[in-house]
Number of protein chains: 2
Amino acid sequence: MDTVTGLETRELRYFVAVAEELHFGRAAERLGMAQPPLSRAISQLERRVGATLLDRTSRRVTLTEAGQVLLEEGRAALEAVEAAGRRAQRAALAATGQASVVLTAKAGASSELLAKLLDAYAAEPGAATVDVHLCGPGEQERLLRDGRADVALLHRPFDATAGFDTEDLVTEGQVVLLPAGHPLSLRSEITLAEVAELPGLPLPRWPRRDGSFADGPGPQVRDHTQVLQLIALGRACAVLPESAAATLGRDLSAVRVSDAPDVTTVIAWPAHSRSRAVAGLVQAALRL
Amino acid sequence: MDTVTGLETRELRYFVAVAEELHFGRAAERLGMAQPPLSRAISQLERRVGATLLDRTSRRVTLTEAGQVLLEEGRAALEAVEAAGRRAQRAALAATGQASVVLTAKAGASSELLAKLLDAYAAEPGAATVDVHLCGPGEQERLLRDGRADVALLHRPFDATAGFDTEDLVTEGQVVLLPAGHPLSLRSEITLAEVAELPGLPLPRWPRRDGSFADGPGPQVRDHTQVLQLIALGRACAVLPESAAATLGRDLSAVRVSDAPDVTTVIAWPAHSRSRAVAGLVQAALRL
DNA sequence: GGGCAGCGATACCGTGGAGGTATGGACACC
DNA sequence: GGTGTCCATACCTCCACGGTATCGCTGCCC
């Protein structure tokens, strides 16, 4: 019953590649190896786990139940291994004073909070230097998970905080950003349904994790300034947390969206982090 | 900068063994191998991570900063890999209808809640069979982390819920259990300080994670019934959540402890669990 | 201080297994 | 039935993992 598996990351990497491609040949190519050894490695993995992971005919490869589970969990496990290596690496650099704690935040969001946090932490005795890593939406989660970052500012309910420790910092409502002078910009409130129907002002489309875009009418965007620019040009509108609209230029105006869910900015870190610098940052954030 | 590490679990296992033993010879023995290949594997790992992990003289081995980080993170990563294998294994069994979701709870705690939960879930259409795994304090966390269990009932603030998704179920105060007829058993409330001073009734000592016991006057205990028995015998007292005292025999009595922290029973599951059965259990728990 | 014991590193060697090439066999499509 | 696609099998090669022997350093004890 207690079959000790003892999987190797190599096997997991192979399996994830095949499970993602659902094609041994392409997976082998992606892994930079020939197809036969890959086939063998997978069947060996199946023997070791004691379960069929892939149903394969010569025409089609599909995941079994067990395979789906292993894909999901295997990805997480691989990320954990990567994270371990990277964090050790960075700990060594930090010890020699070359680098330090990496904080990641969504570019353009919570910038005021971020500035206050950095100031407050820097004022503490023995504060480490903080590298700030601004990135696109959804990317922070990955950075935190795979060890390239130590702390993140995330926004519920948009970002997945599963598996991290978090502390809530601030909760705020959302507003819709409109071109200045838009007829509705004088309203005191608006509903999501109304926003969705705004003629000529579709919501922009953000890239998904794999970089592709969902279908729809809105313009494709990759970062925050693009959005602001598109709104100013009268080609789009956007629903954002109030603080993101705090420092608006004259060409934009904001209207509160009454039925949009509240957004909570949280500070998040890997569950078992023992870093003094991370703890200090969290303390500083809570004192704000 | 973006040095892709590509660690293997074998290397991590070796490192964790050495880091725990702080002795290459003993670690090699524990791993069932000779010492020289272990030394080599570690230095190879150090080259790969790009950092010294262990400071070694011929007399003493100590962890560097980076080593401490890798020990902590590496353990977690190894557990994640194990968990991936085990969960895939169990998913295969579940698909053939042989086994199913494993729920773990502290033996003797929340038994009424547990019974209600199992009943409520079993009444649902399409409910999977639930294996209940009762275990000693602190053990559930490990089971959940390494994939032997799918859901756990945990008790804040005693159990570490870091890295899991949780939902709060009930919060309750704590009581001290005394032998029936004890002079203080007629009091309506008592303080922790008073409990600590009770003449002849020390608090029992639970085993730590490694199985050893802290020093102190109290009797060593390993499970809940031992505690109840010792109290009935007039050899100890214990501070427990109210619900644990709900079904007392005639030989025990409970007094509310006014300044003990509230205990929250939570249902916890691995952060990225996609299992329908787990989701169903959580739903059922929240409806209680 | 010299001898000794403990411990990690180095040198060298053998074997298992990971990966490569060639080919077989099943299936879909024309 | 021919052909192309795709995974599995057969067979070979070579690297690297693990084993044995030994060195070199360090602290300890007489």
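From a predicted model like this one, the values you see are computed outputs, not experimental measurements. Reminder, nothing fancy here: chain letters follow the sequence lines and each chain counts from 1.
The neighbour count for B:Arg276 CZ, taken as heavy atoms of other residues, nucleotides or ligands under 6.0 Å away, does not exceed 12.
Residue A:Arg60 places no side-chain N or O under 4.0 Å from the OP1 or OP2 atom of D:dC6.
If you measure from atom CG of A:Leu38 to atom P of C:dG20, you get 10 Å, rounded to the nearest angstrom. Atom CD of B:Glu8 is separated from atom P of C:dA18 by 10 Å (rounded to the nearest Å). The separation between B:Met33 atom CE and D:dT20 atom P is 11 Å, rounded to whole Å. The CG atom of B:Asp55 sits 16 Å away from the C1' atom of D:dC25 (whole-angstrom rounding). B:Arg47 has its CZ atom 10 Å from the P atom of D:dC17, to the nearest Å. Rounded to a whole Å, the CZ atom of B:Phe15 is 16 Å from the C1' atom of C:dG8. In this structure, B:Arg48 atom CZ and D:dA16 atom C1' are separated by 11 Å, rounded to whole Å. Atom CD1 of A:Ile42 is separated from atom P of C:dG19 by 11 Å (rounded to the nearest Å).
For the residue pair A:Ser39 / A:Gln35, a side-chain donor-acceptor distance below 3.5 Å is found, with atom types taken as modelled.
Of the residues in residues 21-32 of chain A, A:His23, A:Phe24, A:Gly25 come within less than 4.0 Å of DNA chain D through at least one heavy atom, sorted by number.
Listed here is the closest heavy atom pair of B:Val151 and B:Leu144: N-CD1, 3.6 Å.
A salt bridge links B:Glu20 with B:Arg75: the distance from a Lys NZ or Arg NE/NH1/NH2 to an Asp or Glu carboxylate oxygen falls below 4.0 Å. At a threshold of 4.0 Å, the pair B:Glu11-B:Arg48 counts as salt-bridged, since one of the basic side-chain nitrogens sits closer than that to a carboxylate oxygen. Checked for salt-bridge contact, B:Glu8 and A:Arg13 meet the test: a charged N lies under 4.0 Å from a carboxylate O.
Under 3.5 Å, the side chain of B:Arg59 and the base of C:dG8 form no donor-acceptor pair of N or O atoms.
In this structure, of C:dG8, C:dT10, C:dG19, it is C:dG8 that holds the atom nearest to the side chain of B:Gln35. In the set D:dA10, D:dT20, C:dA9, the nucleotide with an atom closest to the side chain of B:Ser39 is C:dA9. Of the candidate nucleotides D:dG18, D:dC11, C:dT21, D:dC11 has the atom nearest to the side chain of A:Arg40.
Distance check: A:Leu281 CG to A:Glu167 CD gives 13.0 Å after rounding to the nearest 0.5 Å.
The residue A:Gln44 sits close only to the backbone: its heavy atoms come under 4.0 Å of sugar-phosphate atoms, none of a base.
Residue whose closest nucleotide on DNA chain C sits further toward the 5' end, between A:Thr57 and A:Arg10: A:Arg10.
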